[in-house]
Amino acid sequence: QVQLVESGGGLVQAGGSLRLSCAASGGTFSSYVMGWFRQAPGKEREFVSTISRGGWRTSDADSVKGRFTISRDNAKKTVYLQMNSLKSEDTAVYYCAAGVLYSDSPRPNDFGSWGQGTQVTVSS
């Protein structure tokens, strides 16, 4: 089973940018659909972005469309989330996840492996 480790979170002012990374080990990275989810205090975990195995299909939640971009480098076994024009409502713990089947609107249960999460805090 693949192991996932996120990095790149931190504190940023509203309007700023961050790039999250998720490094995979212990599995065949290119065989996994990858996704980013986030969870704010007191809220359920929600879908952010997903990318197909080869990287040719992506889908983003409406709340981040035009601001966030997911990408992957299968040679480096890493998936990225470029976050621009950050807003205070983007504050959350961000998790990357690995799954088997691609969906444009995946649910957390569609992914079997998860990282430990990285905190993103946007100050207004």
Exercise. Is Lys87 salt-bridged to Asp90, going by a charged N under 4.0 Å from an acidic O?
Worked result: no
Taking all heavy atoms of [X] and all of [Y], pick out the closest pair and write down the distance.
X: Met34; Y: Ile70; answer: O-CD1, 4.2 Å
X: Lys76; Y: Thr78; answer: O-OG1, 2.9 Å
X: Leu81; Y: Ser49; answer: CD1-OG, 3.8 Å
X: Ala14; Y: Ser124; answer: CB-CA, 4.2 Å
X: Ala24; Y: Val2; answer: CB-CG2, 3.7 Å
X: Ser113; Y: Gln1; answer: OG-NE2, 3.0 Å

Drop me the distance from [X]'s [atom1] to [Y]'s [atom2], to the nearest 0.5 angstrom.
X: Asp60; Y: Lys65; atom1: CG; atom2: NZ; result: 7.0 Å
X: Lys77; Y: Gln3; atom1: NZ; atom2: CD; result: 10.5 Å
X: Ser7; Y: Gln116; atom1: OG; atom2: CD; result: 8.5 Å

ILVMFWY network linking [X] to [Y], side-chain heavy atoms under 4.5 angstrom:
X: Leu4; Y: Val93; answer: no
X: Leu86; Y: Phe47; answer: no
X: Val79; Y: Val64; answer: yes

Taking only residues two or more places apart in sequence or in another chain, which ones pass side-chain hydrogen bond (donor to acceptor under 3.5 Å, both in side chains) with [X]?
X: Ser103; result: none
X: Asp104; result: Tyr102
X: Glu44; result: none
X: Gln39; result: Arg45

Exercise. Is there a donor-acceptor contact under 3.5 Å from the side chain of Thr91 to the main chain of Val122?
Worked result: yes
For this session: Give a yes or no answer on whether the side chain of Arg67 reaches the backbone of Ser85 with a donor-acceptor pair at less than 3.5 Å.
Result: yes
Problem set entry | Any pair counted as ring pair (Phe, Tyr, Trp, His ring centres under 6.0 Å), so long as it reaches residues 48-81, sequence neighbours left out | none
Who passes side chain to side chain contact (heavy atoms under 4.5 Å, CB included) against [X], sequence neighbours left out?
X: Phe111; result: Val33, Phe37, Thr50, Ala97, Pro106, Trp114
X: Ala40; result: Lys43, Ala92
X: Ser63; result: Arg38, Ala61
X: Ser31; result: Thr28

Exercise. Of all residues at least two apart in sequence or in a different chain, which pass the salt bridge (Lys or Arg N to Asp or Glu O under 4.0 Å) check with Asp110?
Worked result: Arg107
Problem set entry | Qualifying residues under ring-ring contact (aromatic ring centres under 6.0 Å, His included), relative to Tyr95, sequence neighbours excluded | none
For this session: May I ask you to test the Glu6-Leu20 pair for a side-chain heavy-atom distance under 4.5 Å?
Result: no
Exercise. Among pairs that include at least one residue of residues 13-27, which meet side chain to side chain donor-acceptor pair (under 3.5 Å), considering only residues two or more places apart or in two chains?
Worked result: Ser17-Asn84
